[in-house]
Peer 1: 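Before anything else, here's the structure in question.
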Amino acid sequence: MIEYYDISGCYILRPWAMSIWEVMQTFFDAEIKKMKIKNCYFPLFVSSGVLQKEKDHIEGFAPEVAWVTKSGESELEMPIAIRPTSETVMYPYFSKWIRGHRDLPLRLNQWCNVVRWEFSNPTPFIRSREFLWQEGHTAFATKEEADTEVLDILELYRRIYEEFLAVPVIKGKKSEHEKFAGGLYTTTVEAFVPNTGRGVQGATSHCLGQNFAKMFEINFENEKGEKAMVWQNSWAYTTRTIGVMIMVHGDDKGLVLPPKVASVQVIVIPVPYKDADMQGIFDACADTVKSLNEAGIRAEADFRDNYSPGWKYSNWEMKGVPLRIEIGPKDFANKQVRVVRRDNASKSDIPMADLVEKVKDMLNNIQQSLFDIATQKRDACIQVVHTWEEFAEALGQKKMILAPWCDEEEVEKDVKARTKGDMGAAKSLCTPFEQPELPEGTLCFASGKPAKKWTYWGRSY
Ligand code: 87F
């Protein structure tokens, strides 16, 4: 998937990883185009004046901004920042391009890289100093339109995780403390990694309200001829999605790829034996690949003659290919193939005549089963608590905790302070849109004040 690089926090995405990104990109790009969102590309560099225009927004993030200060041996007159995100890059042009209500909505997206000079421990895909993402930036005449889009995009993020990566996520709203400070509210899809007991923010869709419109003077003349300010959103998902998928499905043998994102869905391996009709077996392998490819299944044969079948089996298992087909003399004689699933190691023999249909069924079945098992494991980690004692115990057991909360920022800060340690502090993950019933008189697990909502808590990436 990746190769390490000589700059800390930077990784090479090899084709095996990039192809997964491309599958998600193809899906998402087509979906946003249906929503009349258009792609564009803004420069990588930001002048310091523009970057610092929205002070509140940049304040907490400033240490992470990387700067170019030299060209060759000469100092630049003014240092130039590398985009950590593109609000301040794009919005001056929103201001220029939006004049009247007919210019709205303005809905742009760009696929690009961003740089954030992180100092906490870098982790491939999960926390890298440069990463790939799409960033959507949109402007509307009304808050209602902006609100609708926030949720439409969040639904696409859910589908990327659940339908493509087979990773269950919880849709919800970030607390005031965890939201994007420059915006009005932040919605999120939250995943959970049972092995490490950590939540992970999967992707965010923000309603920015009118904060940026004020700063950047993004005004328009409405139908009544009055001057009005636009309502804005921004939303992104990153290559972190791949890291979440790896952690959720991987096992002791290596990667387990969901069929929908695997660049090779079926690997076909010839199994030679002394005195066997090797040409016949090789031809059967090539025919198998051809039939599968013609049916739209991504299949390849491994004809390398410098590796044994056993070595190839482990190698493709490590790479996570969902299905392995073995063809040996007996299979060849019986006009059948042996199929082995990566997710549960189950083996079956299928007649060549039923190949395409059976393989399609199995790939669908694997996709569903990965999602179902990941959901069961995630659900088994969810613990409902009512008191601080229950909360502390569940946190020690690496749970994803659902607790009634008073929704006060000071209380969240207090929870962070009280749970500080080597493992990192607990924080709120999200307030799920799907709220269990909250009976009158339920108290906050942390403050003992009346609870306002159920919220997920835990350690996180
Ligand atoms: C790091 C350095 C400078 C996050 C940063 O989530 C600025 C920032 O603004 C920064 N790290 N953020 C928040 C990004 C918000 C928003 N941007 C557009 C998104 C979605 C896409």
Side-chain angles (χ1 to χ4, degrees), residues 9 25 28 32 37 39-68 79-94 106-120 122 126-139 146 149-154 156-157 160 172-190 200-209 211-213 215-216 218 231-241 430 460-461:
Q25 188 173 27
F28 190 81
I32 60 175
I37 294 161
N39 280 328
C40 62
Y41 188 79
F42 281 74
L44 168 69
F45 299 115
V46 200
S47 70
S48 68
V50 163
L51 185 72
Q52 280 152 28
K53 178 136 186 179
E54 219 287 58
K55 292 256 164 32
D56 297 346
H57 153 231
I58 208 68
E59 212 174 39
F61 297 124
E64 288 182 12
V65 177
W67 294 86
V68 180
I80 292 171
I82 302 177
R83 67 173 163 231
T85 178
S86 303
E87 278 82 357
T88 59
V89 178
M90 292 183 169
Y91 298 166
Y93 298 89
F94 275 49
L106 177 60
R107 306 175 92 183
L108 298 180
N109 177 67
Q110 72 177 1
W111 293 97
C112 64
N113 59 340
V114 285
V115 171
R116 295 180 184 172
W117 215 254
E118 301 267 1
F119 294 95
S120 41
I126 298 294
R127 192 178 301 109
S128 54
R129 286 179 163 174
E130 179 187 0
F131 54 86
L132 303 183
W133 74 354
Q134 60 65 221
E135 53 179 319
H137 293 268
T138 54
E149 186 199 65
V150 165
L151 294 184
D152 289 347
I153 294 293
L154 197 69
L156 293 180
Y157 293 153
I160 287 179
K173 203 170 150 194
K174 286 283 185 187
S175 68
E176 279 304 299
H177 190 63
E178 290 296 329
K179 77 169 193 189
F180 172 35
L184 186 59
Y185 63 88
T186 294
T187 67
T188 176
V189 286
E190 294 284 322
V200 48
Q201 177 176 297
T204 48
S205 178
H206 315 278
C207 178
L208 302 179
N211 298 347
F212 286 93
M215 297 304 300
F216 290 88
I218 313 178
W231 291 88
Q232 289 178 278
N233 292 338
S234 78
W235 27 272
Y237 79 90
T238 76
T239 32
R240 169 180 270 203
T241 45
C430 75
S460 78
Y461 280 97

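Just follow the structure's listing: the first ligand is 1, and inside any ligand the first atom is 1. Throughout, numbering of the chain's residues begins at 1 and tracks the sequence.
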Peer 1: Would you indicate whether the side-chain heavy atoms of F180 and T85 approach each other to under 4.5 Å?
Peer 2: no
Peer 1: Just jot down the ring-ring contact (aromatic ring centres under 6.0 Å, His included) partners of F131, sequence neighbours excluded, or say none.
Peer 2: W133
Peer 1: From I153 CD1 over to N233 CG, what is the distance, rounded to the nearest 0.5 angstrom?
Peer 2: 8.5 Å
Peer 1: Please report which non-hydrogen protein atom sits nearest to atom 18 (C) of ligand 1, along with the residue it belongs to and the distance in Å to one decimal place.
Peer 2: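 Of the protein heavy atoms, E87 OE2, 3.1 Å lies nearest.
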Peer 1: Please list the nearest protein heavy atom to atom 9 (O) of ligand 1 with its residue and the distance rounded to 0.1 Å.
Peer 2: H57 NE2, 2.9 Å
Peer 1: Working note: F212 + F94, criterion ring pair (Phe, Tyr, Trp, His ring centres under 6.0 Å); need CA distance, chi angles, decisive distance, verdict.
Peer 2: CA-CA 10 Å; F212 286 93; F94 275 49; over 10 Å; no
Peer 1: Who's closest to atom 3 (C) of ligand 1 heavy-atom-wise, of W133, F61, W235, F180?
Peer 2: F61
Peer 1: Hey, which atoms in ligand 1 end up nearer than 4.0 Å to a heavy atom of T204?
Peer 2: 6 (O)
Peer 1: Run down the list E135, R116, H206, E64 and name the one with the heavy atom closest to atom 14 (C) of ligand 1.
Peer 2: R116
Peer 1: To the nearest 0.1 Å, how far is atom 20 (C) of ligand 1 from its closest protein heavy atom, and which atom is that?
Peer 2: A236 CB, 3.5 Å
Peer 1: Can you tell me if K179 has over 12 outside heavy atoms packed within less than 6.0 Å of its NZ?
Peer 2: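 Yes, the 6.0 Å shell around NZ holds more than 12 heavy atoms from other groups.
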